[in-house]
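For reference, the structure discussed in these notes is given below.
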2 protein chains.
Amino acid sequence: MTDAPPSDADRFARARRKQSVALLEDYVELIGDLIAETGEARVADIADRMGVAQPTATKTVARLKREGLATSRPYRGVFLTEAGAALADRVRARHRTVVALLIAVGVPQEAAELDAEGIEHHVSDRSLAAFEAFLKRD
Amino acid sequence: MTDAPPSDADRFARARRKQSVALLEDYVELIGDLIAETGEARVADIADRMGVAQPTATKTVARLKREGLATSRPYRGVFLTEAGAALADRVRARHRTVVALLIAVGVPQEAAELDAEGIEHHVSDRSLAAFEAFLKRD
DNA sequence: CTCAAAATATAGCCCAAGCTATATTTATTA
DNA sequence: TAATAAATATAGCTTGGGCTATATTTTGAG
Ligand SMILES: [Mn+2]
Ligand SMILES: [Mn+2]
Ligand SMILES: [Mn+2]
Ligand SMILES: [Mn+2]
């Protein structure tokens, strides 16, 4: 039992949940990138790269801290916790796989890169595994 | 010129915009389905199928009306405008194509159906065309 | 070392999307 | 046809995610 097909409501609720973590995923990925590129992640740089105002970035960083993904001290940069760094790595790998899959099925590179930024957050582990298998075929 | 590669900020902003219309797309698709299935779209049925409380559905229908996608009179059902019906058709077709593409690259059917509910809203026309071409190949 | 500039924080606003509780209207049935 | 049940609307709350304006802190010149 335990295995009736998911209802419409289940499916919609699941999509809503994924959406609510999408922004957090993009932030941790970006913070990880900034630290790798420049040694630190300043709020001003995060805001700039995300395309939002500085107070918006500050507020989202506060949420990352609340959720145990980042740390920071006033007027200092932002750092990822272990959990945050692990999430960033997973998110970055998934992002790349999604872009590669889109290109592999014939999506032009620029469209692939643009669409992947939203698509990635809805790709489950099962789908990701399928994408990887598809990319490995020949 | 007009063709520098999109910045990170552009890409993130675009994903945020798509996200803001995702719920409207799901609602018009669902309202169209209900009308096709049962002849009418009651707020209670919309809420039920979306997995939200009734006042939440009422409020979102109000937004659909504000955006010219639906109409309704107090204590009566919900109807789609021409624009709403056209959007519903496009969204439904895109939804099906996304599910088919996922299955075609090896995603198990249930995962495909679940993930498509979120993915669909980020698939651009260019990507959709590529998906269709890929599905038509042999 | 001081002071101006840059970075960050804070205050306060908006809207979307969710909720519960309750009032109102419509539909049904005794 | 009244009374009850069901559907819908409304009020009022929460949180997330955006913004501008401004206060505060840190940094870097001179
Ligand atoms: Mn993204
Ligand atoms: Mn990404
Ligand atoms: Mn959807
Ligand atoms: Mn859909």
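What's counted below: heavy atoms across the whole structure, side chains too, no hydrogens, waters or symmetry copies. Lettering of chains follows the sequences in order, A, B, ..., and the numbering in each one begins at 1. Keep in mind that what you see is a predicted model, and the values were worked out from it rather than measured.
Other members of the cluster containing A:Ile103 are A:Val99, with ILVMFWY side chains joined at under 4.5 Å, either directly or via other members. Other members of the cluster containing B:Val21 do not exist, because no ILVMFWY side chain is joined to it at under 4.5 Å. Cluster partners of A:Leu114: none. The rule joins Ile, Leu, Val, Met, Phe, Trp and Tyr whenever side-chain heavy atoms lie under 4.5 Å apart, and it links nothing here.
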Return all side-chain donor-acceptor pairs below 3.5 angstrom for residues 54-61 of chain A, not counting sequence neighbours, or 'none' if the list is empty.
{"unit_1": "A:Gln54", "atom_1": "NE2", "unit_2": "A:Thr58", "atom_2": "OG1", "d": "3.2"}
{"unit_1": "A:Thr58", "atom_1": "OG1", "unit_2": "A:Gln54", "atom_2": "O", "d": "3.2"}
{"unit_1": "A:Thr60", "atom_1": "OG1", "unit_2": "A:Thr56", "atom_2": "O", "d": "3.1"}

Anything under 3.5 Å between a donor and an acceptor, one on a side chain of residues 44-53 of chain B, the other on a protein residue two or more places apart or in another chain? List them.
{"unit_1": "B:Arg49", "atom_1": "NE", "unit_2": "A:Asp8", "atom_2": "OD2", "d": "2.9"}
{"unit_1": "B:Arg49", "atom_1": "NH1", "unit_2": "B:Glu37", "atom_2": "OE1", "d": "3.2"}
{"unit_1": "B:Arg49", "atom_1": "NH2", "unit_2": "B:Glu37", "atom_2": "OE2", "d": "3.2"}

List, one per line, each side-chain donor-acceptor pair under 3.5 Å for residues 78-86 of chain B, sequence neighbours excluded.
{"unit_1": "B:Thr81", "atom_1": "OG1", "unit_2": "B:Gly68", "atom_2": "O", "d": "2.7"}
{"unit_1": "B:Thr81", "atom_1": "OG1", "unit_2": "B:Leu69", "atom_2": "O", "d": "3.2"}
{"unit_1": "B:Thr81", "atom_1": "OG1", "unit_2": "B:Ala83", "atom_2": "N", "d": "3.4"}
{"unit_1": "B:Thr81", "atom_1": "OG1", "unit_2": "B:Gly84", "atom_2": "N", "d": "3.0"}

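With rounding to whole Å, B:Asp48 atom CG is found 15 Å from D:dA6 atom P. Taking atom CD of A:Glu25 as the reference point, atom C1' of D:dG17 lies 16 Å away to the nearest angstrom.
Between the side chain of B:Arg42 and the backbone N or O of B:Gly77, no donor-acceptor pair lies under 3.5 Å.
Considering only side-chain N and O atoms, A:Thr58 lies nowhere under 4.0 angstrom from the phosphate OP1 or OP2 of C:dT8.
Counting only residues at least two apart or in different chains, side chain to side chain donor-acceptor pair (under 3.5 Å) contacts with residues 71-80 of chain B comprise B:Lys65-B:Ser72. For the salt bridge (Lys or Arg N to Asp or Glu O under 4.0 Å) condition, the pairs that include at least one residue of residues 96-115 of chain B, sequence neighbours left out, are A:Arg14-B:Asp115.
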Could I get a table of every N or O pair under 3.5 Å where one atom is in the protein and the other is in nucleotides 24-26 of chain C?
{"unit_1": "C:dT24", "atom_1": "O2", "unit_2": "B:Tyr75", "atom_2": "OH", "d": "2.9"}
{"unit_1": "C:dT25", "atom_1": "O4'", "unit_2": "B:Tyr75", "atom_2": "OH", "d": "3.2"}

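Interface residues of residues 28-45 of chain A facing DNA chain C, ordered by number: A:Arg42, A:Val43, A:Ala44; criterion, heavy-atom separation under 4.0 Å.
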Protein-to-nucleotide contact annotation, 5' to 3' order, nucleotides 13-21 of chain C [B base; S sugar-phosphate only; - none; under 4.0 Å, heavy atom]: ---SBBBBB

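The ring-ring contact (aromatic ring centres under 6.0 Å, His included) test applied to A:His122 returns B:His122, not counting sequence neighbours.
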